[in-house]
Amino acid sequence: MLRSVRPLSYPACVHLRRGAVSAYPQSFRLGRGAMEFAWTEEEVAYREQVRALVDERYPTWRATPVHHSFATDERDQVTSFTHELRDRKLLTAHWPQEYGGADQSAWMHIILGEELWSVGEPRGPQYMSVNWIGPAIMANGTEEQKQEHLGRISDGEAFWCQGFSEPDSGSDLASLKCRAVRDGEEYVVNGQKIWTSHTQLAEWCFLLVRTDPEAEPHKGISVLLVPMATPGIEVRSIANVAGESSFAEVFFTDVRVPVANRLGPENGGWDIVRAALTYERVGAPRWHRGSVVLDALVAWAKEHDQFDDPIVQSRLGEAKAAIEAARMLAYRVVDERAHKLPPGPNAYVARVSMVRAEKQVAELALWLMGEQGIDGESLAGHTFYPTLTAGVAGGTYEVQLNLVAGLVLQLPRR
Amino acid sequence: MDFTLDHDQQAIVDAVTTILAKQAGPERARALGTSGHDDALLDALAQAGFLDLANEPSVGPLGAVLVAELASLHHARANIALRAIVGPMLLGASAPTRLAVADAARPGPVRFGQYADAVLILDGDEAHVATVTAATPIDSPYGYPFAHLDTTPMRSLGPGSGATLTNWWRVALAAEIAGALDGAVAHTVQYLRERHQFKKPLGSLQALQHRLAEAFVWAEGARWLARRAAFEGATAAAAAAAAAYAAQAAQLVGTDMHQLSGAIGFTTEFDLQLWTSRLHALRVEFGGVTAHQLATTRAQWG
Ligand SMILES: Cc1cc2nc3c(=O)[nH]c(=O)nc-3n(C[C@H](O)[C@H](O)[C@H](O)COP(=O)(O)OP(=O)(O)OC[C@H]3O[C@@H](n4cnc5c(N)ncnc54)[C@H](O)[C@@H]3O)c2cc1C
């Protein structure tokens, strides 16, 4: 693919040695055109549109200190913004037209995220619907399911939660026990989920259930799309110190779900989940927030006469390099999506680098600000604690390392 | 050289542990909250003489370090390490029970500042005692009460007292960190022993065993450096090295134990955060790891 090249200050161009030979051909497969790292004119125009929206309609956002996040559990605050994105055809530009998109490339989703995360956008509880729930329904849903859900998502109306983890099934997700038993045209669901984010607003749950307890663990799992208002669902929030929006336990007691709400084949849920998780891992442009936090830290260091300290400069440089490495490794995954390649293990490589970079920035914030960062309302206060969870949420750092070791490096198993 | 506790030291450890087991601990810490202060515990330890051991000739600052480690291990919500170590060494018998320590050169909030009857302030080469005229508490997730203070100086402790305060402050920090490291590592070891995934205890995975073993070694190093620094009367080199090592250990252990505990580690009901939140506060206090490292180098070779 030949992209019309336009020199850009954003992000800085990166030069790779041409003709470098990779020892791991699978993981380093790149696009079909000549390798280059510039944005196309459409992408530039799209980014400018997003920036213009923020500047016109939400002028205070860019002026608000970077650590402030508008992520909210107020429904209207989210939808008033997502409707505006929808009206300007920005929300799901990368989706096919028939589902409310504009047939643009996968890059648009990332550009949108970069521009909006950096100003503390309020889409938090709707992020997953555009990022991976919609695509999972597009790929696996029935016509009725697509009709019911995709329009609402691209309209900025849908609120979902992700019912995967259970008390005894965290890293070993395939061992999940929440049981769905077929009863005529319904499933009867009994069991428990935990750490479920965004339950306050969720109208639907993307729920993993065990439909065949006899089969091998990952061959007996199905996906059910469950309205949260169904009788028998009880949500209890969990007090936490992470500073992320709170998470909850969700209990299912004789919850009746129509068979028509199953996504994909019975017992075929695992493949759907694996694909969804690779999207989840790179969907949120956390590297970009890290880079904005770094800019704010530099401003803070200058203001407090610390910027001239070579140790400070060395650590800022270290963190910046980590952020840019994460950006490139994440962009490689987006490039695969743009080329419509199936989800592959590069997402795990990217996620490892993203977690590392994000933690490095958070650590730098606390280190630099010292006692002044102890204040929960300071830049470090808003960065350090929420980032502690980065290596756990969405699949742990160690599990990503296992996947890189096994799937990319193809190391022998014990 | 002898790494075992003598009879008197063991008696101190036993007695302090008994008080802390009864009056401190995770439930008490939760009930008080991060902005609370345990007057009752502080008074109990003061009345039993455990805050003034550092000046007892038969016990000395090493005994005070043992008290500080234990108080931190048991989540005491009072300024015990600084009071038991810095207080007697700088102020002798006149040290008030409720004491805070601050550095005039650093604008940050002061730990336990809003509860202090007096503040010991480092002011360059000198230290002085001050009273608090106004305290503005801040909202902090870091496990201790903090406040910005306005103070009125009462008396100077004379030239050279700045260095004495600097060194004992570092020893106190190292001891307090050592106690919290001990708790955080032991808690995580126990949790991964019990937590099963993939049909086996997570603690049986070698990758995780290595992380726990490394954390344990950091905690052990921090403990023995703090004890030696106290024994040596807080020489600049020993005190700075103890604080440097402890602050680095606090960073690594304070983040890695959360990583190894998974999502449950972020819940308020899980004890881990009661140690780690304090580790992060302690490791940035008084300039943090880089200041302690630079001080180590200067004391050793400068
Ligand atoms: C902020 C936040 C939001 C979340 N939101 C959701 C949500 O909306 N929906 C949902 O379903 N879940 C959610 N989760 C849960 C998340 O997916 C799990 O926490 C994660 O999968 C890990 O499971 P666990 O916490 O049980 O850790 P455990 O599986 O108990 O792991 C503990 C430690 O052991 C390590 N470990 C485990 N197995 C191995 C191995 N084989 N090799 C090496 N190390 C290993 C882990 O990496 C970790 O360090 C959320 C979690 C957080 C922190």
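Numbers restart at 1 for each chain; the letters A, B, ... are given by sequence-line order, proteins then strands. Keep in mind it's a predicted model, so treat the numbers as computed, not measured. In what follows, every heavy atom counts, from backbone to side chain, and hydrogens, waters and symmetry copies are set aside.
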With the threshold set at 4.0 Å, does a side-chain nitrogen-carboxylate oxygen contact exist between Arg30(B) and Asp271(B)?
-> yes
Given a strict heavy-atom distance threshold of 4.5 Å, which part of Ser169(A) is in contact with chain B: side chain, backbone, both, or neither?
-> backbone
Six-ring centre of Tyr144(B), Arg111(B) cation under 6.0 angstrom, axis tolerance 45° | yes
Under 4.5 Å from any heavy atom of chain A - which part of Leu294(B) | side chain
Heavy-atom closest pair, residues Tyr348(A) and Gln400(A) | CD2-OE1, 3.5 Å
Under 4.5 Å heavy-atom distance to chain A, tell me which part of Gln197(B) shows up: side chain, backbone, both or neither.
-> both
Ion pair Arg28(B)/Asp38(B), N-O distance below 4.0 Å = yes
With Arg170(B) as the cation and Phe286(B) as the aromatic partner, state whether NZ or CZ is under 6.0 Å from the six-membered ring centre and within 45° of the axis.
-> yes
For the candidates His258(B), Glu269(B), His196(B), Arg195(B), which exhibits the highest count of non-hydrogen atom pairs separated by less than 4.5 Å from chain A?
-> Arg195(B)
Check whether Val110(B) gets within reach of chain A through its side chain, its backbone, both or neither, counting any heavy atom under 4.5 Å.
-> neither
Do you know which of Leu401(A), Ile238(A), Leu366(A) has the most heavy-atom pairs with chain B at a distance under 4.5 angstrom?
-> Leu366(A)
Shortest non-hydrogen pair, Val132(B) vs Gly113(B), comes out as CG2-O, 4.2 Å
Largest heavy-atom contact set with chain B, pairs under 4.5 Å, which of Gly381(A), Ser175(A), Ser171(A) | Ser171(A)
Does a side-chain N-to-carboxylate-O contact under 4.0 Å join Arg236(A) and Glu234(A)?
-> yes
Most contacts with chain A, counted as non-hydrogen pairs under 4.5 angstrom, among Ser261(B), Ser140(B), Gly108(B), Ala263(B) = Ala263(B)
Non-hydrogen atoms of chain A under 4.5 Å away: do they reach the side chain of Leu202(B), the backbone, both or neither?
-> neither
Sub-3.5 Å donor-acceptor pair from the side chain of Thr297(B) to the main-chain atoms of Gln293(B), do we have one?
-> yes
If you tally heavy-atom pairs under 4.5 Å against chain B, which of Lys359(A), Glu363(A), His304(A), Glu371(A) wins?
-> Glu371(A)
Exercise: do Glu249(A) and Trp195(A) side chains pair donor with acceptor under 3.5 Å | no
Measuring heavy-atom distances to chain A, does Phe198(B) have an atom under 4.5 Å in its side chain, in its backbone, in both, or in neither?
-> both
When heavy-atom pairs shorter than 4.5 Å are enumerated against chain B, which of Gly373(A), Ala174(A), Gly391(A), Pro217(A) gives the highest number?
-> Gly391(A)
Who wins among Ile311(A), Thr396(A), Asp168(A) for the most heavy-atom pairs under 4.5 Å with chain B?
-> Asp168(A)
